[in-house]
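Worksheet: the structure to be examined is printed underneath.
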There are 2 protein chains.
Amino acid sequence: MTKTGVALLGLGTVGGGTYRILKNNYESIKLNYGVDIEIRHIIEKDMKKVQELGVDGSIVSCDIENVINDPEIKIVAEFFGGIEPAKSYIIKCLLAGKTVVTANKEMFAKYWHELQRAAKKGRAGLYFEASCVGGVPIIRTLTESMQGNNILCIMGIVNGTTNYILSKMADEGLEYKDVLKEAQKLGYAEQDPTADVEGYDSMYKLSILSSLAFHTRVPVDKIYREGISSISKTDIEFGKRFGYTLKLLAIGKRTHDNKIEVRVHPAFISNKHPLAAVKGSFNAVHILGDNVGDIMLYGRGAGDLPTGSAIVSDIVYAAQQRKHEYTSFRNTLSSPSKYFSKDFECEYYIRMTVKDLPGVIASVSSVFGRLKISINSIQQELMGDKAYVIFMLHKTHESAVKKAMSQIEKLSVVESVDSIIRVE
Amino acid sequence: MTKTGVALLGLGTVGGGTYRILKNNYESIKLNYGVDIEIRHIIEKDMKKVQELGVDGSIVSCDIENVINDPEIKIVAEFFGGIEPAKSYIIKCLLAGKTVVTANKEMFAKYWHELQRAAKKGRAGLYFEASCVGGVPIIRTLTESMQGNNILCIMGIVNGTTNYILSKMADEGLEYKDVLKEAQKLGYAEQDPTADVEGYDSMYKLSILSSLAFHTRVPVDKIYREGISSISKTDIEFGKRFGYTLKLLAIGKRTHDNKIEVRVHPAFISNKHPLAAVKGSFNAVHILGDNVGDIMLYGRGAGDLPTGSAIVSDIVYAAQQRKHEYTSFRNTLSSPSKYFSKDFECEYYIRMTVKDLPGVIASVSSVFGRLKISINSIQQELMGDKAYVIFMLHKTHESAVKKAMSQIEKLSVVESVDSIIRVE
């Protein structure tokens, strides 16, 4: 059995997890998968991390040329995160014929084309299972198990931080700010939580997942994005009463007119939907294929060992390949309006604070009526000294909802429109 | 692009589904996966099926030699089910260098070794994603996504018929016999339902899944098997009160002393476990890996198109391979007691009908006490004119429970031991 030389770029959380898995499972990987993985070089400047993991210092440096110039290194796993120097290093490695394995969703979502071009040129592999939903094998499922399907919808809870926050808000009746603070203290949320709570992280993952699902490059800027920072516990509470759970969802759909609709936003889903039961920091992705029907994959979307598990899976897989396959995409950038839907249709939950006067419902309903928006149900609720009305709307276009809201806000009986939340 | 010739052995439910998927997705498979799949021959004697699917009659026959002798046929998908003639045909095909794709769990579970030997000899591939849990990519997950894990436990609801029956018993408070009759009428259960309800089907699947999970051949006869035909609605009802759902589970575990424990039986699981939410004819498999943690795959375990989707996935996958990988197993048959645990440990739910007399609980408890079986909780329940006592036991060996039961049955205060159900 020939050895497969591997380099690790970075020894942070996931890099460290990967190192430990490769070390601890060295024999079993050799025995069960017939590949002999040798860690030949590590790029890391923090010598404390190197020592903590018990890494032989002689294979550690800060110079990528040590990786590029070692012909025995066949696979490079990247853990820097962010765009640079990750991107330049990866491209160098690919052009030098080294297969790259990465967990870097932002860089991958933004520069997939460029990376794949370099990979083809260098006849190297490009693997990214760890970029989406940690140890859950969603990339492999999309690339190697759905060949007999047209995927109609992919819908996921792909960010653990926001799912932890929303679960805790729901279970303990807390407000967003308080849960966020606690999550930061416990290390579940970053000190600057923007990437998670405003949906950027989910957006990068959705770009990758929907590109694979629809065989069509879905650029990040085609994705509608809305975070959870303005969610109030009041809406979560009302949602519960109606049988709904609030989740930050990443959704990719094939529309009736064969366009792609991609969006990240908080949404109510029925408690009966399997995604509603995905709690805390767990992630899950639900796929609807025209032949396979509904399938769902569930697991930990982050963490040193779960994500390390996906990286190791890609390393072993890549080491077994004789020739690497590349993703084939339709080019969407030439005429994006042909491919992407903008004004998407949804059901809606709309909560407004109203004056406690007769005729409120009639006034609001007549606005919806004039715009041909069909109402599913109306609920009046008193909470403290506030009078709320909640409208549940049947499927309607976003543009129509916006128009309705601008008119409803002007009604004298309406004090404020507090929340507009989509229902899936 | 060179064509990949395929033969279908049988045009029944799954064979027909596969035919339709290959026909309808011909262009998209070519475009997205770079393989040109041509159905060159079909073995089927029922010409009605052939006509219903609009198959060109000239490629249909009853003679396997037409498949063997066509050098353009590279892949053979088998849908006969049962052992013969499936097994002989498959071995012939493999020895002739034709890759085989099969959904035949019984044959595969029983003759994997023999088939793999023939495959290696013929340098052919052997693929069986469709043998377990229909369109859910559980085989690919075990073979290509768990390389960095020691799997500690694999636990699944892998039979749709029994899950449908148990779900309906729970939701509507019906008895087993009544639900079975209805399921038979609706075509969800066979006229002879033994293979499903007595756990044989689950056992075959567990043999395959646990062999992959533990890299150790797990023969069917090493699996403890118990079906659902003696489950009463009373126990499902009591389980609900305690926060449990009853499922027919297929369980493979790595024990503390590094043995493998494999069993199929009805079991109570906590309503909080993600498997508890798997309803109706849906299937799911939960995996616990030492690095990835908990993951779960969920979807339809049967049906023409879901299972056809798995078959097509294997066909496309096989057509892309340049060299086929084989499963490597430790040989367990030489000293099975080294590998397989017999007297497994579980928590238990035990329901008995008792005389409504003082001292009942003391008498029963003292039997458990003498055998060092630790009791978790005791519940007395009156239902109609019956007095029940339900003991929930902490983890204990099966042999100890059996011993206890033989003593408890003899107690004068105990009328009958009605149910012994494991709790996972």
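Reminder, nothing fancy here: chain letters follow the sequence lines and each chain counts from 1. These numbers come from a predicted model, not from an experiment.
Interatomic distance, B/Q321 CD to A/K323 NZ, rounded to the nearest 0.5 Å: 11.5 Å. Interatomic distance, A/R140 CZ to B/R140 CZ, rounded to the nearest 0.5 Å: 11.0 Å. Here A/Y298 contributes atom OH and B/I287 contributes atom CD1; the two are 13.5 Å apart, rounded to the nearest 0.5 Å.
Ranking A/N283, A/I295, A/N32 against chain B, the residue ahead of the rest is A/N32, based on heavy-atom pairs under 4.5 Å. Each of A/D294, A/L22, A/D314, A/T141 has some count of heavy-atom pairs under 4.5 Å with chain B, and the biggest count is that of A/D294. If you tally non-hydrogen atom pairs under 4.5 Å between each of A/D290, A/N149, A/I29 and chain B, the highest count goes to A/N149. Interface summary for chain B: among A/R300, A/E144, A/E129, the most heavy-atom pairs under 4.5 angstrom belong to A/E144. Each of A/G135, A/G148, A/G289 has some count of heavy-atom pairs under 4.5 Å with chain B, and the biggest count is that of A/G148.
Screening A/N24, A/D304, A/L305 against B/N291 for a side chain to side chain contact (heavy atoms under 4.5 Å, CB included) leaves a single residue, A/L305.
For A/I315, no part sits under 4.5 Å from any heavy atom of chain B, backbone or side chain. Only the side chain of A/E325 comes within contact range of chain B, judged by heavy atoms closer than 4.5 Å. Contact annotation for A/N25: only side-chain heavy atoms (C-beta onward) come within less than 4.5 Å of a heavy atom of chain B. Neither the backbone nor the side chain of A/T327 comes within contact range of chain B; no heavy atom of the residue lies under 4.5 Å from a heavy atom of that chain.
For the pair B/H215 and A/Y33, the minimum side-chain heavy-atom distance is below 4.5 Å.
When the heavy atoms of residues 11-21 of chain A are compared with those of chain B, the residues falling under 4.5 Å are A/I21, listed by number. For a heavy-atom cut-off of 4.5 Å, chain B lies close to A/P306, A/S309, A/V312, A/S313 in residues 306-313 of chain A.
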